[in-house]
Amino acid sequence: MLPDLSNSVDGAKNLLGWELVHHTPAGDIGGIIIETEAYRQDDEASHTFRGPTKRTMPMFDEAGTLYMYFIYGMHWCLNIVTGQEGHGEAVLLRALKPTHGIELMQQYRKTTDIKRLTNGPGSLVQALAIPPTYSGQKLIHTKLELIPPAKPIGEIESTKRIGIKKATDKPWRFTIEL
DNA sequence: TTCCCGATTGTA
DNA sequence: ACAATCGGGAAC
């Protein structure tokens with residue numbers, strides 16, 4: 001089961017409250033999605049703004065595909081592709097609230113501080129041990145699983161996106177309190 | 001082929 | 001507040 005991923009802005013909101021779980025040989029690791037950002041093709045801040053490249057090809061694939069990219073020479077970030085095939089758009093997962101496999105996260109993140117396990121896009125990828133080889137694959141074909149919210153989520157806050165220099169006026173960062 | 005910089009994080 | 005660190009993309 002997947003949330004509505006018909007476009008990136010709605011998808012970014014709809015993904016909040018869903019639980020992302022990675023089923024690994026060492027155990028299940030996961031958490032509830034509490035922060036996302038939307039990127040569209042007609043958006044200067046998006047990797048797809050100037051058309052497809054070898055790296056960004058997965059973003060043009062169908063909704064439910066995964067897109068991972070390497071940033072600042074050391075971090076991997078995970079996106080869930082949205083929209084029709086041929087449209088380059090996706091949702092960046094920025095933070096989770098840990099629910100499963102906290103001991104494994106502490107090991108992979110090399111910290112016991114719960115607040116710092118999955119508090120950024122690079123951190124959550126490291127905590128869940130999500131391999132870059134997932135990029136380009138369909139989420140349902142990987143060991144990742146999305147579980148619908150158990151109870152209704154609270155109010156969604158909409159703010160400016162983090163760490164970008166272009167299209168900074170777009171309020172496409174979405175967060176919830178749990 | 002070269003150069004520049006980024007959808008960040010950890011440490012001081 | 002700031003250094004660490006390197007692949008991709010655009011330009012030459």
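Remember, it's a predicted structure, so these values are computed and weren't measured experimentally. Lettering of chains follows the sequences in order, A, B, ..., and the numbering in each one begins at 1. Heavy-atom basis, side chains included; hydrogens, waters and symmetry copies ignored.
- Remark: A:P171 pairs with A:S158 by the side chain to side chain contact (heavy atoms under 4.5 Å, CB included) rule, at least two apart or across chains.
- The side-chain heavy atoms of A:Y108 and A:I29, taken from C-beta on, include a pair separated by under 4.5 Å.
- Cluster annotation: A:I33 and A:L92 are assigned to distinct hydrophobic clusters (Ile/Leu/Val/Met/Phe/Trp/Tyr, side-chain heavy-atom contacts under 4.5 Å, transitive).
- Exactly one of A:L15, A:V81, A:T65 qualifies for a side-chain contact (heavy atoms from CB on, under 4.5 Å) with A:L5. That residue is A:L15.
- For A:Y69, the ring-ring contact (aromatic ring centres under 6.0 Å, His included) partners at least two apart in sequence or on another chain are A:H47, A:Y67.
- Residues A:F174 and A:N14 have side chains not in contact (no heavy-atom distance under 4.5 Å, counting atoms from C-beta outward).
- Counting heavy atoms from C-beta outward, A:I114 and A:I102 have side chains that approach closer than 4.5 Å.
- At a threshold of 4.0 Å, the pair A:K115-A:D113 does not count as salt-bridged, since none of the basic side-chain nitrogens sits closer than that to a carboxylate oxygen.
- Inter-residue side-chain proximity for A:K138 and A:L66 is flagged as unmet; no heavy-atom pair is nearer than 4.5 Å.
- Within the 4.0 angstrom heavy-atom criterion, base atoms lie near A:M59.
- Under a hydrophobic-cluster definition in which Ile, Leu, Val, Met, Phe, Trp and Tyr are linked whenever side-chain heavy atoms come within less than 4.5 Å, directly or via other members, A:I176 and A:V9 are assigned to the same cluster.
- Here the side chains of A:N7 and A:H87 are not in contact, with every heavy-atom distance at 4.5 Å or above.
- With respect to A:R161 and A:D43, a salt bridge is recorded, a charged nitrogen being found less than 4.0 Å from a carboxylate O.
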Is there any protein nitrogen or oxygen under 3.5 Å from a nitrogen or oxygen in nucleotides 1-7 of chain C, and what are the pairs?
unit_1, atom_1, unit_2, atom_2, d
C:dT5, O2, A:Y72, O, 3.0

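- With a heavy-atom cut-off of 4.0 Å to chain A, the contacted part of DNA chain B has its first and last nucleotide at B:dG6 to B:dG10.
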Between the protein and nucleotides 10-12 of chain C, which nitrogen or oxygen pairs are less than 3.5 angstrom apart?
none

- Strand DNA chain C as a dot-bracket string - pairs counted if Watson-Crick or G-U with both distances under 3.5 Å, | where the partner lies in another strand: ||||.||||||.

Scan the side chains in residues 116-129 of chain A for donor-acceptor partners under 3.5 Å anywhere in the protein, sequence neighbours excluded, and list what turns up.
unit_1, atom_1, unit_2, atom_2, d
A:T118, OG1, A:L96, O, 2.7
A:S123, OG, A:R109, NH2, 3.3
A:Q126, OE1, A:R109, NH1, 2.5

Let me check something: any side-chain donor-acceptor pairs from residues 140-156 of chain A under 3.5 Å, sequence neighbours excluded? List them with distances.
unit_1, atom_1, unit_2, atom_2, d
A:T142, OG1, A:L139, O, 2.8
A:T142, OG1, A:L144, N, 3.1
A:E145, OE1, A:H23, NE2, 2.7

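- Judged as a salt bridge (charged side-chain N to carboxylate O under 4.0 Å, His left out), the pairs with a partner in residues 74-97 of chain A (not counting sequence neighbours) are, in order, A:E35-A:R94, A:E37-A:R94.
- Side-chain N or O atoms of A:S135 include one that pairs as donor or acceptor with a backbone N or O of A:M68 at under 3.5 Å.
- Going from the P atom of C:dA1 to that of B:dA7 covers 22 Å, rounded to whole Å.
- Counting only distance, with no hydrogens or angles, the side chain of A:T53 and the backbone of A:T56 share a donor-acceptor pair below 3.5 Å.
- Closest heavy-atom contact between A:G30 and A:M105: O-CE, 3.2 Å.
- Using modelled atom types and a 3.5 Å distance limit, the side chains of A:R40 and A:S8 yield no donor-acceptor pair.
- Contacts between residues 159-178 of chain A and DNA chain B, defined by a heavy-atom separation under 4.0 Å, are made by A:I162, A:G163, A:I164, A:K165.
- The stretch residues 116-138 of chain A touches DNA chain B through A:G120, A:P121, A:G122, A:S123, each having a heavy atom under 4.0 angstrom from the strand.
- Closest approach of A:Q41 and A:G86 over heavy atoms only: OE1-O, 4.0 Å.
- Residues from residues 83-110 of chain A lying near DNA chain B, meaning a heavy-atom separation below 4.0 Å, are A:L92, A:R94, A:R109 in numerical order.
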